[in-house]
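Below: one structure, written as structure tokens.
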Amino acid sequence: MALTTPPAPAFVYFDNAATTPLDPEVLEAMLPFLQHHYGNPSSLHGPGRQVRAAIENARKTVAHLLNAAPAEIIFTSGGTEADNYAAFGSIRTLGLKHAITSKLEHHAVLHPLQALAKTGEIELHYLKHDAQGALDLGHLEELLAGQSRTFVSLMHANNEIGNLNDIEAIGEICARYDAVFHTDTVQTMGHYRHDVQQLKNHFLVGSAHKFHGPKGVGFIYTRSGLRVSPLIHGGSQERNVRSGTENVYGIVGLAKALEIAVRDLADHQAHVQGLKTRFIEKLRAEIDDVQFNGLSEHANQSLYTVLSVSLPPSAISEMLLFNLDISKVAASGGSACTSGAQAGSHVLEALGCDPDRATVRFSMSKMNTAAEVDYAVEALAKLYRQVAV
């Protein structure tokens with residue numbers, strides 16, 4: 001399917017790992033539930049039943065795309081809630097006393113586990129990794145062999161540096177030791193195929209706004225047979241797992257966005273990988289001593305939508321994102337969830353990256369163009385040329 005180019009934006013937008021533009025097909029699917037179908041899905045009357053049917057159809061769509069059962073899909077407010085539900089729910093319900101993660105995980109995983117460790121509910125272990133962020137799976141097996149049943153949370157792809165982790169191999173290791181395996185797939189959902197019948201994970205999560213759906217809605221897949229306590233109490237919605245009136249138009253939009261993403265996945269991946277390759281080639285040609293964080297430059301080992309660029313020390317390093325913004329280029333210095341904070345990236349710190357080198361994360365989507373790549377590289381190179389004069 002041919003990829004359509006949207007109207008020229010006010011900004012050249014390369015912050016798609018933070019959020020993506022809403023696909024017009026998704027908006028079209030959502031509009032009836034914003035305008036006309038307003039019944040409460042818990043109501044028994046006709047308008048309520050009509051909306052309930054839309055939610056269940058969306059659940060079936062998501063389940064089908066993951067090769068899961070509809071009952072294994074629970075809708076949430078997004079990836080953060082889903083990650084918290086997996087961590088708090090499984091550790092407390094199953095009485096787990098150990099957890100394993102890595103210092104490269106998103107704060108939606110790190111902070112819940114650190115909170116549980118602080119109260120003494122678990123002993124938290126961090127998996128070793130090398131200077132590029134590749135996980136030491138031998139260390140994972142060592143940790144699992146030395147303790148009781150354990151909660152393991154390791155993401156599929158890092159949101160800052162793009163490293164892909166082998167969740168198939170991690171799942172196999174976890175299965176051998178009867179560990180509960182949760183994987184944050186927020187950055188890869190809609191960009192890779194996920195077949196839960198081929199994986200050994202217990203939890204898998206998605207957030208609609210990462211694949212051209214609406215903000216404020218996500219889901220968690222929980223493998224059948226694993227029942228954990230709710231994180232939110234107060235109602236019987238979502239099979240008594242997640243209380244609160246459902247975000248109906250968000251859920252409808254999520255399902256439609258994931259359906260489109262999977263439908264067009266091959267075209268999308270080829271297009272975006274081409275943009276990333278172009279970024280790398282042009283940056284190397286235009287800026288001396290440009291480097292790439294983690295495994296970001298390696299096509300087979302990193303997320304094709306993310307490029308983490310390490311730039312030589314310069315007088316503009318501290319104001320680089322501001323100057324890019326003035327040049328009408330929207331990018332990030334790391335995780336968008338900590339943008340604006342004074343603290344630097346915990347991921348880059350864990351990798352031991354040089355703090356004097358500025359980092360820019362360019363993240364791409366199907367809506368970006370080669371011309372936009374060229375513009376962004378030229379804007380960045382121009383800033384460095386001005387300092388050199």
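Only a predicted model underlies this, so the values are computations on that prediction, with no experimental measurement involved.
- Judged by distance alone, the side chains of His106 and Gln187 never bring a donor and an acceptor atom under 3.5 Å apart.
- Looking at Asn84, its side chain does come within 3.5 Å of a backbone N or O of Thr80 through a donor-acceptor pair.
- Under 3.5 Å, the side chains of Asn158 and Asn165 contain no donor-acceptor pair of N or O atoms.
- Tyr38 belongs to no hydrophobic cluster, as no Ile, Leu, Val, Met, Phe, Trp or Tyr side chain comes under 4.5 Å of its own.
- Between Arg149 and Asp178, the closest heavy-atom pair is NE-O, 2.8 Å.
- Looking only at distances, a side-chain donor or acceptor of Thr20 sits under 3.5 Å from a matching main-chain atom of His212.
- A donor atom on one side chain and an acceptor atom on the other are found under 3.5 Å apart for His182 and Ser153.
- Side-chain atoms of Ser365 come within 3.5 Å of backbone N or O of Met367 as a donor-acceptor pair.
- When hydrophobic side chains of Ile, Leu, Val, Met, Phe, Trp and Tyr are connected at separations under 4.5 Å, Ile326 ends up clustered with Met319, Phe322.
- Side-chain contact check for Glu160 and Ser345: at least one donor-acceptor pair (N or O, by modelled atom type) lies under 3.5 Å.
- Using modelled atom types, no side-chain atom of Ser229 and backbone atom of Thr93 make a donor-acceptor pair closer than 3.5 Å.
- Put simply, the side chain of Lys276 never gets that close to the backbone of Leu307: no donor and acceptor are under 3.5 Å apart.
- Checked by atom type and distance alone, the side chain of Asn16 pairs as donor or acceptor with a backbone atom of Ser363 at under 3.5 Å.
- A donor-acceptor distance shorter than 3.5 angstrom exists from the side chain of Thr76 to the backbone of Gly78, with no hydrogens or angles considered.
- Counting only N and O atoms by type, the side chains of His194 and Thr188 include a donor and acceptor under 3.5 Å apart.
- Asn293 and Thr359 share a donor-acceptor pair across their side chains, judged by distance under 3.5 Å alone.
- Side-chain contact of Gln291 with Asp289: a donor-acceptor pair under 3.5 Å is present, judged by distance alone.
- At a cut-off of 3.5 Å, with distance as the only test, no side-chain donor of His233 or Ser243 sits close to an acceptor on the other residue.
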